[in-house]
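Given the structure is predicted, the values throughout are model-derived calculations rather than measurements.
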Amino acid sequence: MASFNIAIYIVITLFIVYSAHVPDCNGYSFKKISNKNFVRKSSSYVQERHFGQALGLEKLLPDSKPTSRKTVAQKYARQRRSFVHAMRVGMSSAGSVIDSKHLSFQSSLRAESNCSEVVPSVNCNATNCIYNNDKCDCQHLNLTCIPTNLHTNITSLKLGNNSIREVPGYVFCRYTELKSLSLARNKISHLYNTSFCGLGSLTHLDLRNNHLSMVEGTFPALVFQPLTNLTELRINKNNQSSLDNSNYPDVALSQLTNLETLYMDGLTNKTFGPGFKNMTRLKNLSMTGFVDGYCNMGSLNYSTFENVPTLTFLNISNCHLMSIYSDTFSNLTNLKVLDLHYNENLGIDNFEQITASLKKLPLEFLDASTIESRYATGKHVKENQIQNLPLNLTTLKVAGNSIETVDPTILTKLPPNLLYLDVGKNKFEFGAYLQNLTALTSLKTLTINGEDYLYDVPTTYPYVGPYGLSKRRLLKRRSLCLGPNFTFPIPPRLEVLEIVKAGLSYKLTSMKIDINNTLKVLKLDQNFFPQLDGPLINFDSLENLSISNSFVQTINRMFFSCLNSLRNLTLSVNMLGDFIGSSKERLFENLSSLSYLDLSFNSIDKMQVYFFHGLSNVTEIDLSRNKISEFNVDITKMNQLRRLNLSDNKISRLFSNVTDQIDRIRKDGFEVQVDLSKNPIDCTCANLEFLKWMVNWVNVSQSQGYLCKQDDGSILAMPDGYFETVLSLNRQCASNVVIFLIIIGATLVLACVIVGMIIYRFRWSLRYWYHVAYLNYQQKRKSDRRQKFEYDVFISYVHNDETFVAQTLSTELEKRHVKVYMHGQKFVAGNYIASNIVQAVKSCRKTLVVLTNKYVRSQWCYYEVQMANMEAISSGRPVLVFLIKEKIPNHKLGEILTFIKTNTYIPYPQEDSIQGRELKIFYDKLASDLL
């Protein structure tokens with residue numbers, strides 16, 4: 001009992017001595033002369049130093065503000081009395097008080113915060129900081145100290161990426177309205193109790209990527225005490241090596257009672273001390289390594305997270321975890337998100353033990369990706385390994401674990417509420433277990449992507465289990481025979497299926513899935529599908545299809561025939577150039593709902609006019625990064641088009657049918673963006689109208705990368721969007737046009753005068769030679785025609801006039817050596833009537849039409865006249881000759897009257913005046929005209 005009283009006496013004495021030297025946020029220190037007698041010279045210094053370190057107090061500051069010492073001294077006297085009383089009634093030993101570092105003094109001490117009256121000991125001015133309203137950015141200025149001349153009303157201050165080495169006391173006292181402060185990526189190695197005095201309004205503090213290692217003295221006990229409203233703290237990426245004397249600064253952090261999110265490095269085999277219990281609002285704890293921090297936690301057990309029971313989010317990825325005991329997470333009764341990915345030493349074989357303490361937790365998200373060596377042999381997962389997964393789990397990621405086979409019924413044992421499942425980057429066999437995919441009745445997203453990260457060459461051999469799958473096949477291939485009508489089973493509520501970079505190498509022939517599906521998104525990027533044959537059957541709900549970077553070379557028109565609901569189609573980075581340039585197939589005619597089409601980076605150099613036929617609802621087409629030189633494609637039906645990306649091609653101008661359609665859409669009140677950047681646009685007078693059209697588009701003036709091809713072939717960048725070019729061409733081309741028109745006009749006038757004078761001078765000679773030449777030409781044509789045609793005349797008549805034609809007309813003509821081809825008599829049996837008529841017209845020099853009242857009413861006779869007229873037009877020779885046998889009113893002749901007026905016609909002599917000599921003269925004249 002006597003020793004206990006002595007210990008209590010020593011502790012109280014040391015506290016009284018130090019309470020006379022504890023500074024507050026105003027910079028005051030106090031000395032009580034009456035306390036000197038309590039300490040002896042022989043032991044006071046050692047005791048005083050040890051106790052001060054236990055409390056986390058810094059060096060004393062010089063005395064200041066003597067007029068205020070009395071008030072502050074009275075306050076500390078009250079604190080000392082409270083402390084002595086607590087020591088007497090609440091502590092069992094003096095040693096436990098010092099070792100715990102959780103003295104009631106630290107939780108009750110609240111320093112006054114009149115920072116406006118304190119002048120920082122170091123003045124530092126910064127002149128290049130950028131202000132944006134109440135935000136100040138002083139990053140990348142190579143500052144070595146914290147500026148004290150900034151605006152006092154700023155609420156956000158960024159001091160990252162400088163060379164600041166310390167945060168002196170009271171340096172932020174002028175900036176009492178700060179809510180966000182970043183000191184990331186500096187060289188800060190130590191903090192003081194008064195470093196953040198005056199920042200009572202601060203909610204976000206970023207100290208990451210400095211030299212704040214978690215060793216004694218780096219984080220004083222009261223350093224965070226002024227930050228009463230802090231909700232997020234980042235002190236990660238400060239401990240590159242985990243030292244034996246490192247510990248989590250729980251004493252300093254215990255002051256942050258309102259903190260909700262903490263980013264911190266992970267130490268080897270260390271626990272979160274009792275100070276964390278005071279952080280009752282801490283929900284999110286992130287200790288991830290690699291890019292975001294340094295983490296080497298080793299092993300985890302029950303005591304690791306014992307003092308942080310309020311966590312709902314825990315990220316310990318990339319933390320070099322070696323083992324996780326079965327009761328590690330049992331105390332985290334509020335945990336909903338747990339991230340363990342990239343801890344390769346855990347091993348998928350230990351998954352049952354890793355998840356043992358999760359079964360009764362309200363966990364909704366679990367990421368256990370890459371907890372197996374990426375170089376390991378194929379693994380087999382059994383049902384018992386997943387038996388501890390919580391029933392509330394909605395997201396499960398087990399990608400990159402070298403899983404090759406699983407128990408056939410394992411899919412039926414997964415949590416019933418699972419919505420998202422990522423099993424990519426594994427080594428799955430195509431097995432019978434896939435038949436149970438329909439058991440995942442709640443699943444909406446399934447990801448089976450391949451590896452997207454390039455690792456280094458391995459330096460160690462992975463652990464190999466008791467058996468290798470190469471010797472023990474758990475799935476018999478003979479049980480996987482697929483018939484021609486095989487249907488792929490998928491979860492009934494699945495909406496997203498991703499199989500990206502999975503090493504698939506197929507011709508995509510006909511593929512059929514279960515008709516009871518809700519699949520909306522299918523991603524097959526970065527595989528090897530040279531041929532898309534299809535069709536895709538029962539994909540009735542599919543809205544997004546992506547097959548980019550998959551070496552696609554040809555597409556069958558049937559591939560898209562059943563995708564009536566498709567809205568977004570991505571076929572970029574493939575090898576479709578030759579196919580699209582030569583194919584006349586209308587691939588997209590069934591995609592009436594398509595809104596977005598991406599054909600970029602396909603080496604396309606030309607496209608057929610009707611290539612986009614059927615895309616009536618498309619709003620955006622991306623043809624960038626191809627080799628298109630002429631975009632002459634029909635887009636007249638694309639009334640919903642809003643963006644056409646033709647950037648990075650070889651286009652010099654757009655054709656009028658494209659620009660006219662875009663103008664029609666604009667007239668309806670809709671804006672269409674046309675991107676022609678990185679194209680060698682022709683900047684000459686011949687292309688001036690197109691350039692004027694371009695400058696009317698807002699996106700042209702605001703976009704970068706526009707080019708201009710000059711007359712000499714050189715290409716210049718056009719940052720002004722062709723405005724200056726159009727103005728220059730307007731002046732240049734206008735002056736050239738005026739001069740050109742004047743010269744042409746004068747030349748034409750002069751030529752006309754000269755030609756007129758020559759014609760007038762030799763007018764009679766010209767007339768004579770014209771008629772001589774014409775007569776020679778006519779005689780030559782007659783000579784050629786005699787040798788060319790088989791018959792001289794084809795007689796076209798109506799059936800009622802057959803007796804007259806056969807017994808009189810043809811007989812008289814044949815007497816005069818005219819070879820006659822009679823309608824009907826020479827027609828070839830079995831041929832079409834129309835073909836016989838055309839053959840008769842082409843075989844005869846002339847066509848003689850025996851025109852009567854009944855003739856004009858015959859359709860076949862009218863057809864013969866039309867064919868003879870077409871022969872005259874095509875051959876350039878006179879063909880039709882009309883023999884008007886009867887008087888016919890003009891209104892009955894119809895269109896035949898036109899032919900009569902433009903061709904030769906002969907009236908037949910009236911019967912009452914017919915005489916033998918007259919008939920002979922008539923037939924002689926007729927025969928002469930027909931030859």
Side-chain angles (χ1 to χ4, degrees), residues 785 788-914 918-919 922-931:
R785 290 169 191 161
K788 180 178 179 181
F789 297 101
E790 184 178 357
Y791 298 95
D792 293 317
V793 63
F794 165 57
I795 302 176
S796 175
Y797 59 92
V798 72
H799 180 70
N800 301 77
D801 298 326
E802 185 173 5
T803 302
F804 166 74
V805 173
Q807 297 180 4
T808 305
L809 182 59
S810 62
T811 303
E812 292 294 335
L813 292 177
E814 287 175 350
K815 288 179 182 179
R816 292 164 175 79
H817 309 291
V818 178
K819 296 178 67 175
V820 177
Y821 190 117
M822 285 188 60
H823 167 83
Q825 292 183 2
K826 303 243 181 229
F827 284 180
V828 180
N831 285 358
Y832 290 108
I833 296 175
S835 299
N836 282 324
I837 293 172
V838 173
Q839 181 62 32
V841 171
K842 294 182 71 67
S843 302
C844 301
R845 181 178 294 106
K846 296 289 181 68
T847 297
L848 178 62
V849 178
V850 180
L851 196 60
T852 63
N853 284 284
K854 293 183 179 180
Y855 186 94
V856 297
R857 293 195 296 269
S858 173
Q859 292 296 325
W860 282 113
C861 291
Y862 180 71
Y863 183 79
E864 292 173 351
V865 173
Q866 288 284 7
M867 291 302 100
N869 183 61
M870 293 304 298
E871 175 66 16
I873 294 173
S874 62
S875 64
R877 62 187 178 85
V879 174
L880 279 168
V881 176
F882 289 90
L883 175 59
I884 303 177
K885 191 172 180 296
E886 297 177 357
K887 291 184 178 180
I888 306 172
N890 289 345
H891 68 276
K892 291 185 178 182
L893 290 173
E895 292 186 14
I896 295 180
L897 180 62
T898 304
F899 298 133
I900 294 174
K901 291 180 178 180
T902 57
N903 292 276
T904 302
Y905 68 92
I906 301 174
Y908 189 76
Q910 298 300 319
E911 293 183 358
D912 54 355
S913 62
I914 292 179
E918 291 181 359
L919 283 176
F922 168 77
Y923 284 115
D924 290 342
K925 177 70 170 60
L926 179 60
S928 175
D929 290 343
L930 294 175
L931 293 176

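- With respect to Lys819 and Asp792, no salt bridge is recorded, no charged nitrogen being found less than 4.0 Å from a carboxylate O.
- Side chain of Lys854 to backbone of Asp801: no donor-acceptor contact under 3.5 angstrom is found.
- Residues Ser858 and Val798 share a closest heavy-atom pair of CB-CG2, 4.4 Å.
- In this structure a side-chain-to-backbone donor-acceptor pair under 3.5 Å is present from Ser810 to Val805.
- The shortest non-hydrogen separation linking Ala806 to Thr811 is O-OG1, 3.5 Å.
- Across all their heavy atoms, Lys846 and Asp929 have their closest contact at NZ-O, 3.1 Å.
- Between atom OH of residue Tyr797 and atom OG1 of residue Thr803 there is a gap of 9.5 Å, rounded to the nearest 0.5 Å.
- Taking the six-membered ring wherever Trp is involved, the centroid distance between the rings of Phe882 and Tyr855 does not fall below 6.0 Å.
- To the nearest 0.5 Å, atoms OG1 (Thr847) and CE (Met867) are separated by 11.5 Å.
- Summarising the geometry of Cys861 relative to Ser796, their closest heavy-atom pair is O-OG, 4.5 Å, with the distance given to 0.1 Å.
- Closest of all the heavy-atom pairs between Glu886 and Asn853 is OE1-ND2, 2.9 Å.
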How far apart are the C-alpha atoms of Arg845 and Leu930, what are their side-chain angles, what is the distance that settles it, and do they pass the side-chain contact (heavy atoms from CB on, under 4.5 Å) test?
-> CA-CA 8 Å; Arg845 181 178 294 106; Leu930 294 175; over 6 Å; no
Given the rule in the side-chain contact (heavy atoms from CB on, under 4.5 Å) test, do Ile837 and Trp860 qualify, once you have shown the distances and angles that lead to the verdict?
-> CA-CA 9 Å; Ile837 293 172; Trp860 282 113; 3.8 Å; yes
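- Side-chain contact of Tyr862 with Gln866: a donor-acceptor pair under 3.5 Å is present, judged by distance alone.
- Distance check: Met870 CE to Lys842 NZ gives 10.5 Å after rounding to the nearest 0.5 Å.
- The residue from Leu851, Ile795, Leu848, Val849 that alone fulfils the side-chain contact (heavy atoms from CB on, under 4.5 Å) condition with Leu883 is Leu848.
- Side-chain atoms of Asp924 and Arg816, non-hydrogen and from C-beta on, do get closer than 4.5 Å to each other.
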Test side-chain contact (heavy atoms from CB on, under 4.5 Å) applied to Tyr923 and Leu809, step by step | CA-CA 8 Å; Tyr923 284 115; Leu809 182 59; 3.8 Å; yes
